[in-house]
Every structure is written in structure tokens, then in C-alpha cells.
Amino acid sequence: MLALQIWLVKALLIFLTTESIGELLDPCGHIDPESPIIQRGSNFTAVCVLKEKCMDYFHVNANYIIWKTNHLTVPKEQYTVINRTAASVTFTNVVSPNLQLTCNILTFGQIEQNVYGITVLSGFPPEKPKNLNCIVNEGRKMMCQWDPGRETYLETNFTLKSEWATEKFDDCKTKPDTPNSCLVDYSPVYFVNIEVWVEAENALGNITSDHINFDPIDKVKPNPPRNLSVSNSEELSSILKLTWINPSINSVIRLKYNILYRTKDASTWSQIPPEDTASTRSSFTVQDLKPFTEYVFRVRCMKEDGKGFWSEWSEDASGITYEDRPSKAPSFWYRINPSHSHSYRSVQLIWKTLPPFEANGKILDYEVTLTRWKSYLQNYTVNDTKLTVNLTNDRYTATLTARNIVGKSDTSILTIPAYDFQGKLMESKCYLITVTPVYANGPGSPESTKAYLKQAPPSKGPTVRTKKVGKNEAVLEWDQLPVDVQNGFIRNYTIFYRTIIGNETAVNVDSSHTEYTLSSLTSDTLYMVRMTAYTDEGGKDGPEFTFTTPKFAQGEIEAIVVPVCLAFLLTTLLGVLFCFNKRDLIKKHIWPNVPDPSKSHIAQWSPHTPPRHNFNSKDQMYSDGNFTDVSVVEIEANDKKPFPEDLKSLDLFKKEKISTEGHSSGIGGSSCMSSSRPSISSSDENESTQNTSSTVQYSTVVHSGYRHQVPSVQVFSRSESTQPLLDSEERPEDLQLVDNVDSSDGILPRQQYFKQNCNQPETCPDISHFERSKQVSSGNEEDFMRLKQQQISNQNSQSCASGQMKMFQEVSAADAFGPGTEGQVERFETVGIEAAIDEGMPKSYLPQTVRQGGYMPQ
Amino acid sequence: MDLRAGDSWGMLACLCTVLWHLPAVPALNRTGDPGPGPSIQKTYDLTRYLEHQLRSLAGTYLNYLGPPFNEPDFNPPRLGAETLPRATVNLEVWRSLNDKLRLTQNYEAYSHLLCYLRGLNRQAATAELRRSLAHFCTSLQGLLGSIAGVMAALGYPLPQPLPGTEPTWAPGPAHSDFLQKMDDFWLLKELQTWLWRSAKDFNRLKKKMQPPAAAVTLHLEAHGF
């Protein structure tokens with residue numbers, strides 16, 4: 001278009017020039033640049049160069065050049081003469097979109113000759129396209145739209161590019177009339193992400209939009225549901241069932257729906273709550289509709305997860321809900337026509353047709369009954385809205401119901417008074433006077449009022465009672481007086497209350513109340529209260545009522561007692577906790593362990609030095625300079641408590657053990673690893689009567705024992721030397737215990753022995769392994785990892801040993817067995833003298849030797 | 001004392017609540033890379049979509065081939081279609097496939113099938129059928145890319161096509177028109193079977209890749225007791 005314009009201008013100029021110069025076909029000069037496109041607002045300079053031939057012909061030079069834009073002369077200030085043949089013109093801040101610039105010369109005095117002309121186009125480079133988005137109309141091609149940014153005033157091409165990770169697709173070039181959208185040539189492939197972007201380009205530049213990456217299925221606009229139909233239900237008049245056919249895309253995605261409905265005459269739509277239609281379906285039952293009403297429906301769908309676009313609305317479909325029984329009885333009145341006879345009168349009953357929202361269907365007929373003063377019944381079925389009957393002068397009751405195909409309405413009742421109705425009114429009786437207006441087309445709504453011929457004071461006063469009595473207040477309540485005793489309109493009540501000694505206080509209460517709260521009463525006081533009801537004519541007292549205010553408000557006692565109890569409970573709890581945590585300290589302070597001197601066995605211990613050697617050597621390994629009594633360490637090493645507490649309680653145990661060492665070295669040492677705990681308890685058992693700290697004799701024994709053993713460090717060899725002794729010792733017992741175990745192997749009996757003695761099945765086999773690895777030939781038939789199990793057995797042996805102890809010495813499991821394993825593990829890690837413990841194993845058999853010598857006699 | 005019984009019970013309830021909440025409950029915080037899960041799901045959806053697409057395409061194409069190929073009970077022996085990758089596999093063998101092998105088999109099968117299908121496209125007579133076939137080819141190309149994406153996400157290399165074994169749609173001169181149609185028939189049938197199988201394959205992978213339900217562990221540490 002622009003090119004054509006430029007061409008036309010040129011052609012015109014050439015034509016003009018040619019004509020003016022006559023025989024000259026060439027233009028007289030030219031403008032450079034030829035067809036400029038510049039950015040709007042920028043400066044522009046053009047140069048007109050004249051041809052020599054022309055200059056000679058017209059006797060002109062560059063000074064004669066005149067520039068014109070759109071036929072207006074450009075001011076001379078913008079001209080610059082470059083040389084004899086060329087002159088330039090400069091425009092600043094060009095804003096005109098289309099500038100026709102001509103170069104002219106002034107010939108023969110004042111005649112302007114056009115030399116050349118150009119069109120200057122100005123515009124902007126394209127802006128980055130924004131808001132690129134695509135939509136896939138189901139079954140059609142994908143269309144993408146974007147915001148092209150500001151107007152460029154130039155021919156700008158937009159190209160939509162798209163690609164997969166693995167493949168490029170053909171470009172989509174926009175049509176000039178729709179520069180902000182493009183319909184791609186291929187059907188998109190669902191479930192494969194596609195990358196799309198736009199490139200914009202014009203003479204001043206090009207730019208690319210942001211890339212968007214999406215799955216075309218998330219941009220789908222499905223076709224609307226088809227064949228929407230509506231059906232009603234004879235069972236329920238408030239529902240209509242919609243059915244439709246889903247668009248075919250439903251076979252690959254799940255859908256959700258919007259359903260709109262309105263009554264036929266309504267203009268606004270109501271919507272079914274979207275959460276009710278949030279999943280794929282092809283029918284929906286709309287509830288809570290009015291009976292016998294025509295509704296219009298429309299439905300649309302979109303991808304269930306909300307990605308994509310809503311389809312168009314489906315075609316509207318309508319349906320009528322089923323009928324329901326009339327919801328209201330028709331209004332009903334009568335008219336008495338003047339009668340010819342005295343004994344009969346002609347009465348016309350008339351009523352109105354029900355409006356559609358009350359008829360709930362097509363009214364088939366009306367049923368009228370006439371009852372003469374509780375006896376005689378007449379039935380009429382009428383299609384019309386009036387009925388004329390001949391009645392006697394008696395009083396009649398007429399009823400009317402409307403009937404449709406579903407059922408009958410409620411009944412409206414009308415009383416036709418007797419012909420000679422007249423009343424006799426009494427004083428101080430309440431009358432209800434009702435007036436019903438009768439209009440030309442039926443009765444209006446009746447109004448009633450109560451009235452007395454003459455009022456009187458009530459015949460009885462109201463009976464007051466307390467509803468609730470508090471410390472400082474009382475809620476009084478009473479019943480309204482029955483109409484029979486009111487004798488007039490009750491205008492107000494007065495409440496009188498007093499204490500036995502105090503003055504009477506009166507309170508006026510409005511007649512509409514049946515309750516009143518007396519406040520600022522004194523607690524723990526007897527009150528008397530009575531009440532008077534007043535009509536316009538006077539009042540009447542009711543009976544007196546007495547009540548006593550309580551000493552404490554409700555809940556006050558609980559409010560005191562509960563926190564106190566709680567505080568006590570908490571204190572006790574904390575006390576118990578404290579005692580529990582510090583039980584050792586307390587125990588130490590209150591019940592120090594005192595050995596029973598009468599049960600010491602010094603004489604028996606002293607000959608058995610080998611075990612002492614053992615203890616001693618071990619003690620020395622653990623010994624701390626602080627401890628004068630080295631036996632502490634021995635006990636510590638075998639203590640059942642875990643390590644962190646061990647350190648704390650070291651001192652505690654120290655004292656404890658000093659006292660029990662006499663036994664522990666003898667009895668405790670008799671277990672596999674000489675657990676101190678059993679020994680403590682055993683000694684506790686034995687020494688229940690003791691209550692003094694260690695006797696001189698006892699401590700002497702221990703000291704002497706240790707001192708005696710200090711020089712001899714050869715512990716392990718000796719301990720091992722005791723094993724044959726153990727073997728021989730234990731054999732008889734083994735055999736007894738393993739009686740029913742069938743085993744020919746020489747080692748098995750011992751294994752069984754441990755099994756029998758240990759409470760924990762898992763730990764016992766370990767000890768047997770250990771034993772075998774220790775002392776039995778390596779040619780064992782079982783495959784086990786010796787080293788590993790040796791470690792384990794080291795740890796577990798303690799528990800077994802404790803078990804053994806238990807058997808022998810009847811130590812409670814809680815004392816000996818349970819803590820044994822835990823404590824042992826901790827101890828190994830922390831003390832870290834595994835060698836010593838390995839060697840300690842044989843030592844565990846020491847007890848047997850001791851037992852023989854020292855323990856058995858007990 | 002203004003305290004009511006209710007208040008005391010409230011205080012007790014409050015105390016109990018505090019005690020009850022003493023145990024530290026470590027907050028579960030599972031975040032991180034979604035992994036190949038979403039792309040597997042997408043590939044599974046794509047196989048289902050292609051299966052659906054193929055159903056209508058095969059109907060049209062078999063009608064184009066004419067009887068007896070478009071008869072519903074037409075079930076010829078598999079002749080001359082040995083070059084087509086077979087989807088049918090022993091159930092035990094299929095179960096024992098590892099992820100890599102499973103994906104590789106799928107990838108290879110569709111590479112071959114796609115080549116054959118492009119040959120089919122060239123032969124199709126009507127423009128409408130060509131358009132449908134072209135779109136199906138593009139979709140299948142997408143499936144191939146999807147499988148490649150899943151394999152890349154799982155760190156498996158793409159199978160390299162062996163040179164010289166590139167299948168070509170060059171029926172030998174011995175092929176009669178009928179046998180040619182038979183090949184087409186089998187190609188569509190095999191494609192269908194492959195799509196069924198792939199749906200199962202990717203369903204299996206999808207289930208496998210689902211992160212196990214976060215085990216809720218409550219460390220009840222009774223403080224001070």
C-alpha cells in the first residue's frame with residue numbers, strides 16, 4: 001500500500017517535471033534517501049541533488065532549492081546548502097506518520113519547478129508482544145492471541161512459532177487484519193507440552209515475546225454438551241432431571257459443569273452450586289423447584305481441574321415440574337339472598353380461584369360440605385367458584401377444599417350464623433370481636449379485637465414463685481392470669497417483698513412480663529414476696545411466697561475447693577517426683593545400709609584368695625586415686641545403672657557397697673560378671689535388721705583383702721584356672737537341668753545350662769557361643785562369626801549371669817536381670833576396657849568356688 | 001472469691017492441654033523435586049489419547065481398505081508382518097522387565113511403528129485420511145518425545161538405532177495388493193496392541209514412581225518423667 005503510494009507520487013512528479021521541462025524525460029534531480037522510514041520523534045535530513053544539465057537550462061543552483069512538505073513550504077532556516085548542486089533540509093522531532101517531501105527550484109524569477117518528491121514514513125519499532133495465550137477449540141485448530149503493544153504505524157509482521165522439545169512446527173503468520181492472533185495450521189497434540197512464542201518485525205526492528213510452554217489439553221475449550229433434555233418425576237414435584245450428551249473430548253479428559261436455570265418467565269438465571277457438578281456426568285437432578293412450574297436450563301462444561309476454558313452454553317431446554325396438592329385453601333365467603341320463605345334462605349357460597357403458585361397444578365374441582373349445627377352433612381362437588389344452596393335458618397358450618405390430580409388442599413371453614421342471631425353481653429367478660437370486610441369479589445382479611453363491656457378488679461391475684469435463687473438475687477416468675485379471673489385488661493403488676501424484720505419494698509412490673517429479677521438481696525436471709533395484678537378498676541393480691549437466699553453463690557464452693565485440691569495434687573505430684581528422682585539420696589540419709597555383723601564370713605573368705613585377686617586386679621585398673629576403698633570401682637563396673645547416672649551415684653554406691661562388699665565379693669562375685677545389684681539386694685535381704693553403717697570388722701576385711709592382693713596382678717591366668725573347677729562344679733547340676741534335652745554333644749549340656757538359667761532367650765545362645773569360642777575347640781559344627789559374637793556375648797553375658805544369680809540367690813528380676821543388659825552396654829562404651837571384660841568372663845565362675853566355700857554354709 | 005467452678009475446670013483443662021502438647025511432634029516437611037512422576041502421568045494420558053484416536057482412525061482406514069479388512073470378525077494370520085515389533089509378551093516376562101528395558105522397548109517399538117505409519121500415510125488415497133494419518137503421526141512423534149523425556153528424567157540413555165536396520169516402507173515386488181493391505185491391517189492392529197501395552201507399562205511406572213506415603217512418626221518424649 002505504502003509502496004504503491006510512493007510509486008504514485010514519483011510517477012506524478014516525473015510526469016509534472018517532464019511536462020514542465022518539455023522534452024526532458026529525466027527528472028531534474030533526486031532526493032536522498034529515496035524512501036525513508038524513520039522512528040517517530042527522531043530527526044530527519046534529506047538532500048536534494050540537482051543535475052548540471054538542468055541547472056544550466058534553468059540557470060539555477062542549490063541556493064534556488066525550495067523544500068515543501070505536503071504542499072507547504074519549509075522555512076528557510078531548516079535548509080543547508082551543501083555545495084552548488086546539493087542542498088539539505090532537516091526536520092526535528094518528526095511526528096507526522098506520512099510526510100510528502102518535495103524538492104523544488106525557483107526558475108525564471110518566481111516559477112516553482114518540482115524536481116523530485118519522496119514520502120517519509122515514521123513509526124515505531126514493535127514492542128515485545130505480551131499476554132500470549134492459546135486456546136484449543138475442541139476438534140479445531142489451536143489459536144493463539146497476544147497483546148501486540150503500541151501502534152507502530154508501520155507494516156509489522158507477527159509470526160507465531162511453536163515447537164516440541166524434539167520437533168519444530170511450521171510458523172503461523174498473522175493476517176494483516178488480525179495482527180494479534182494466529183490460527184495454527186495443525187491440530188495440536190494433547191498431552192505433549194508445546195512451546196510457543198511470537199516474533200514481531202517491522203522496518204525499525206524485531207522482537208520476540210516470552211516463550212510459553214503448555215500442554216494443549218490444558219487450553220481446551222470443549223464443545224458444549226449436546227441434546228440437553230429435561231424430565232420430571234411423578235414421585236417428587238420439586239425435582240427435574242437433566243440429561244445431556246457430553247462432548248467427545250470427554251473420552252480423554254474429565255469434565256466439570258455449570259448449570260443455570262430459571263423459571264420460564266424470569267429474566268435472571270440461578271446457578272446450581274458448582275461443587276455439586278464438579279465431576280464428569282451426563283445427568284443431574286435439580287431439586288427444590290416449585291411444583292407445576294416450567295423451568296429453563298442450560299449447561300456448559302470445562303476440564304475438571306479448571307485448566308482450560310468453559311465451553312459455550314448448551315441449547316436451552318425446558319421442563320415442567322410435576323403437580324403437587326394445592327398448598328392453600330381458597331378464600332371463601334357467603335351471601336344471603338332475600339328469601340321468599342320464612343323457614344328457608346338462599347345462601348350463595350363464593351370463592352376465588354387459587355393463583356398458580358398455590359394451586360400447584362390444574363384444579364379439577366372443589367368440594368363443599370355444609371353441616372347444620374353438628375348434625376346434618378351435605379356434600380357438593382363443584383367445578384365453578386360458587387354454589388347456591390337453600391338452608392334453614394339454623395346455624396351452618398361450610399367447608400371448602402380445592403382438588404387437583406395429586407390431592408386436596410387444606411380445608412377452609414366458614415360459619416353461617418343462624419338467622420335470628422342475637423347475643424347477650426355480660427360485664428367483666430372478655431369478648432373477641434371479629435370484623436370481616438366483604439368486597440365485590442370476595443372477603444378481605446378479618447381483624448379481631450378483645451373487648452370488655454365493663455372491667456372489674458381481678459378475682460384472683462397472681463401466684464409468684466422463685467425460678468432461681470442466688471446469693472444476692474432471686475428470679476421470680478409467675479403465670480399470666482387466666483382470662484376467666486382477669487375481669488379486665490391487666491395493666492401492671494406490683495411485687496412486694498420484705499424480710500421478716502425489714503420494710504416492705506414494692507416494684508412495679510409491666511403486664512407483658514412473666515419474670516422479674518430481684519437484686520441486691522442479703523445472703524442467707526428469709527424473704528417474703530407477693531404480687532398484685534391491676535386492671536383499670538383495681539388490683540388483687542396473690543398468695544405470699546417465702547424463700548431463703550443461700551449463704552454461698554452457686555459454684556462458689558467448687559471454685560474454692562477445686563483449685564485447692566488441684567494445688568494439693570500438684571504439690572503431691574511434684575513431691576513424689578522429687579522423691580523419685582532423689583530416692584537414692586533420701587535412702588542414704590534415712591536408711592543407710594548397714595551390714596549384719598553376725599552374717600559376715602571373714603573366716604571363710606580369707607582362704608579363698610584367688611577370687612580376691614581377680615577383684616583386686618580389676619579394681620586397680622579402674623581405680624581412682626580418690627577412692628580409698630577400691631572395691632567401689634568393682635561395684636561401679638558392674639552396676640546396673642546406665643553410665644550418666646553412674647557417675648552421679650558413684651559416691652552413693654560407694655558407701656553402700658562398702659557395707660555390702662562383704663557379700664558382694666562373695667555372692668555378687670559368684671555370677672558370670674559379678675553383678676553388684678543382686679548382691680545388694682541379697683544383702684538387703686539378709687541384713688534387713690541392720691541399721692548401722694559398716695562395722696569395723698567388715699571394712700577391715702575388705703581392706704586387708706585388697707591390700708593382700710595389691711602385689712598380685714596376675715588376674716586372668718588365675719581366673720581361668722578356676723574354670724575346670726566350675727565345670728566340675730556345675731556338671732551335676734547341668735545334667736539335672738538338661739535331663740530332657742537330647743544331646744550327645746559334650747558341649748551342649750553347658751549351653752543348655754545357660755539356657756535354663758537365663759531368662760532372655762536371645763542372650764543365652766550368645767553366651768554359649770562365647771563359651772565355646774573361649775574354651776572349646778574351634779571345630780564347632782555351627783557357623784557363626786566368632787569375633788562379632790564375642791562382642792555381643794560380652795555384653796549379654798551380664799544379663800545371663802544375672803539370670804544365673806537369680807536362680808541361685810532368688811534375686812528379684814527387677815533388681816538383677818533387667819538393668820543388667822542396659823547397664824552393661826553403657827559401661828563397655830564408657831569404660832572401654834574390653835579386654836578386661838573379656839577376661840572377666842572366666843572370672844564369672846569364681847562365684848562357684850566361693851559359693852562352695854563361703855556361701856553354701858549360709 | 002470470684003472464681004466460679006467453671007473457671008477452675010477450664011484451668012485444669014488448660015493445664016491438661018499444655019501437658020498433652022508437651023511431647024515434641026516433629027513437623028513433616030517433604031519438599032523437593034517432583035521427579036519423573038508428572039511426565040510419566042502425561043505419557044500415560046497420551047497413550048490413552050492415542051488409543052482413542054487410533055480407534056476412529058483405524059475404522060476409517062480399514063473401511064478405505066475395504067472388505068474383508070473392515071469386517072469386525074476379520075482375524076487373519078500374521079503373515080508378512082514379521083518386521084513389525086510385537087507388543088504381545090509373556091506376562092511373567094513383562095512383569096520382570098526393569099524400568100529401563102520397559103522404556104527402551106516402548107521407544108524402539110514406536111520408532112519403528114512411526115516409520116511404517118509414515119509409509120502408510122504416503123499411500124492413503126483421500127485427503128481427509130491423509131490428514132488424520134498425518135495428525136496421528138505427529139501425535140505418535142509426540143509420544144516418542146514423551147518417552148524420551150521420561151527416559152532422560154530417569155537417567156537412561158536413548159537407544160541408538162543400529163545403522164542399516166532402519167525399517168523402510170519398501171514392500172518387495174512379491175507383495176500383491178492384498179498382502180499389502182494385510183500389512184497395513186497388521187500395522188494398525190499392532191499399533192493398537194502397543195498402545196494398550198504402553199498404557200499398562202506407564203501405569204505400572206506411574207505407580208512405582210509415586211512417593212510412598214509419608215510415614216508419620218511421633219516422637220513422644222515425656223519430659224521430666
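Below, each value reflects all heavy atoms present in this structure, side chains not excepted, and no hydrogens, waters or symmetry copies.
Of the two parts of A/Tyr186, neither the backbone nor the side chain holds a non-hydrogen atom closer than 4.5 Å to a non-hydrogen atom of chain B. Heavy atoms closer than 4.5 Å to chain B are found in the side chain of A/Phe169, but not in its backbone. There is no contact between B/Gln53 and chain A, counting heavy-atom distances below 4.5 Å.
Using a 4.5 Å heavy-atom cut-off against chain A, the contacting residues of residues 40-51 of chain B are B/Lys42, B/Asp45, B/Leu46, B/Tyr49.
Closest approach of B/His52 to A/Ser251, counting heavy atoms only: NE2-OG, 2.7 Å.
Within 6.0 Å of the CG atom in A/Asp170, the count of heavy atoms belonging to other residues, nucleotides or ligands does not exceed 12. Around CZ of B/Phe74, the count of heavy atoms belonging to other residues, nucleotides or ligands within 6.0 Å exceeds 12.
The salt bridge (charged side-chain N to carboxylate O under 4.0 Å, His left out) test applied to A/Glu167 returns no partner, not counting sequence neighbours. In this structure B/Lys200 satisfies the salt bridge (charged side-chain N to carboxylate O under 4.0 Å, His left out) test with no other residue, sequence neighbours excluded.
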Could you tabulate the donor-acceptor pairs under 3.5 Å formed by side-chain atoms of residues 142-156 of chain B, not counting sequence neighbours?
none

